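One structure below.
Heavy atoms only: backbone and side chains are in, while hydrogens, waters and symmetry mates are out. Predicted, not measured: the structure shown is a model, and the values here were computed from it.
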Amino acid sequence: RSGFFFLGSGEQSVAEHLNRATYIGFVLASMAGDVDRAKVLQMAAFHDIAEARVSDLNYVHQKYTTRNEEKAVQDLAASFPFGKDIADLIEEYERRESREARLAKDADNLELLLALKEQVDIGNQRAQSWIPALVKRLLTPEAQRLAEAIMRTDSDHWWFGDKNDGWWIHRNKTT
């Protein structure tokens with residue numbers, strides 16, 4: 001994803017972004033409870049499919065360039081027997097009228113928040129300056145709660161857990 005260039009550190013492919021956004025979409029849909037979880041997952045998985053044709057244009061590029069994502073989606077959809085389903089899904093996502101679409105968009109933004117938090121945690125203070133505007137873009141209370149948890153948690157906590165746990169010292173060995 002081209003925006004990492006402006007941070008001066010970090011990197012990520014569109015595939016990595018989509019994968020993580022899909023997991024986050026599952027979490028948000030589960031938190032919401034009253035939505036079509038499968039639709040949120042599908043929207044999160046396909047929301048950037050047009051970038052296969054138009055590239056990943058970061059915020060600076062978008063300021064000076066017009067991209068035709070609708071045409072890219074239509075061209076891609078025409079190549080699949082189920083393409084209309086994907087095109088309809090992306091159109092609903094882009095309108096942001098359904099709760100599922102708003103949760104999927106929040107999953108997209110929260111994935112960037114996670115990436116920025118990882119950069120902050122390894123010392124990139126430039127990443128910290130990107131976070132306030134990003135958090136303001138969140139659309140749902142579920143995403144806002146998750147953003148608060150992300151910001152107060154070390155990004156390596158998910159795998160490292162308690163760094164003072166004896167396992168990290170002795171790895172369950174008696175000596």
Side-chain angles (χ1 to χ4, degrees), residues 1-7 10-119 127 130-150 158:
R1 306 215 315 147
S2 62
F4 283 91
F5 171 80
F6 297 102
L7 280 177
E11 63 180 298
Q12 183 186 60
S13 70
V14 174
E16 289 172 298
H17 165 67
L18 291 175
N19 183 55
R20 286 176 25 145
T22 302
Y23 286 117
I24 296 166
F26 180 88
V27 170
L28 290 173
S30 297
M31 289 171 70
D34 61 342
V35 296
D36 182 343
R37 186 185 304 165
K39 186 177 274 193
V40 174
L41 289 168
Q42 292 167 356
M43 287 180 182
F46 286 107
H47 78 274
D48 279 339
I49 192 88
E51 290 182 6
R53 299 277 171 108
V54 300
S55 185
D56 168 38
L57 299 174
N58 61 59
Y59 280 86
V60 173
H61 295 151
Q62 290 175 38
K63 189 173 182 179
Y64 303 103
T65 306
T66 302
R67 59 184 179 179
N68 193 344
E69 286 194 4
E70 286 182 30
K71 173 119 176 71
V73 168
Q74 293 307 317
D75 289 350
L76 283 163
S79 67
F80 297 117
F82 47 84
K84 182 176 178 343
D85 295 335
I86 293 173
D88 290 348
L89 196 67
I90 293 169
E91 182 181 336
E92 180 180 345
Y93 169 81
E94 292 295 339
R95 284 194 317 264
R96 310 274 195 279
E97 293 173 358
S98 70
R99 185 135 162 79
E100 289 83 1
R102 290 189 297 275
L103 288 166
K105 181 58 184 174
D106 279 348
D108 175 34
N109 282 317
L110 285 172
E111 195 287 318
L112 177 56
L113 180 63
L114 280 174
L116 292 172
K117 179 66 164 74
E118 291 163 351
Q119 291 301 304
W130 291 24
I131 292 173
L134 176 61
V135 170
K136 288 178 183 175
R137 291 197 296 258
L138 298 175
L139 303 169
T140 65
E142 294 84 4
Q144 292 162 355
R145 286 197 317 271
L146 196 51
E148 290 170 6
I150 289 167
W158 73 272

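- The heavy-atom pair separating Arg20 from Ala115 by the smallest distance is NH2-N, 3.4 Å.
- Shown here for Phe46 and Leu89, the closest heavy-atom pair between the two residues is CD1-CD2, 4.1 Å.
- A cation-pi arrangement is not found for Arg95 relative to Tyr93, the charged atom failing to lie both closer than 6.0 Å to the ring centre and inside a 45° cone about the ring normal.
- Checking side-chain atoms of Asp36 against main-chain N and O of Lys39 turns up a donor-acceptor pair under 3.5 Å.
- Taking every heavy atom of both residues into account, Ala21 and Ala44 meet most closely at O-CB, 3.7 Å.
- With values rounded to the nearest 0.5 angstrom, Arg137 atom CZ is found 7.0 Å from Lys105 atom NZ.
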Worksheet entry | side-chain contact (heavy atoms from CB on, under 4.5 Å) between His47 and Leu18, worked out | CA-CA 8 Å; His47 78 274; Leu18 291 175; 3.4 Å; yes
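- Residue Glu16 qualifies as enclosed at atom CD: its count of foreign heavy atoms under 6.0 Å is above 12.
- The distance from the OG1 atom of Thr140 to the CE atom of Met31 is 8.0 Å, given to the nearest 0.5 Å.
- The environment of Phe82 atom CZ is dense: over 12 non-hydrogen atoms of other residues, nucleotides or ligands sit within 6.0 angstrom.
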Worksheet item: Yes or no on salt bridge (charged side-chain N to carboxylate O under 4.0 Å, His left out) for Glu142 and Arg99, after CA distance, side-chain angles and deciding distance?
Response: CA-CA 11 Å; Glu142 294 84 4; Arg99 185 135 162 79; 2.5 Å; yes
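- The CG atom of Asp108 sits 12.5 Å away from atom CG of Leu103, with the distance rounded to the nearest 0.5 Å.
- The residue from Ile24, Leu146, Leu28, Leu113 that alone fulfils the side-chain contact (heavy atoms from CB on, under 4.5 Å) condition with Asp106 is Leu28.
- For Leu138 against Ala143, the heavy-atom pair with the smallest separation is CD1-O, 3.7 Å.
- Residues Gln119 and Ala127 share a closest heavy-atom pair of CB-CB, 3.8 Å.
- Checking side-chain atoms of Arg102 against main-chain N and O of Arg96 turns up a donor-acceptor pair under 3.5 Å.
- Of all the heavy atoms in Ala107 and Gly25, the pair that sits closest is CB-N, 3.5 Å.
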Discussion item. Run the side-chain contact (heavy atoms from CB on, under 4.5 Å) test on Glu94 and Glu69 for me, step by step, so that the C-alpha distance in whole Å, both residues' side-chain angles and the decisive distance to 0.1 Å come before the verdict.
Written reply: CA-CA 11 Å; Glu94 292 295 339; Glu69 286 194 4; 4.2 Å; yes
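- Note that CD1 of Ile150 and CZ of Arg145 are 12.5 Å apart. Values are rounded to the nearest 0.5 Å.
- If you take CD on Glu111 and CG on Leu116, they are separated by 9.0 Å, rounding to the nearest 0.5 Å.
- If you take CD1 on Ile86 and CG on Leu76, they are separated by 8.5 Å, rounding to the nearest 0.5 Å.
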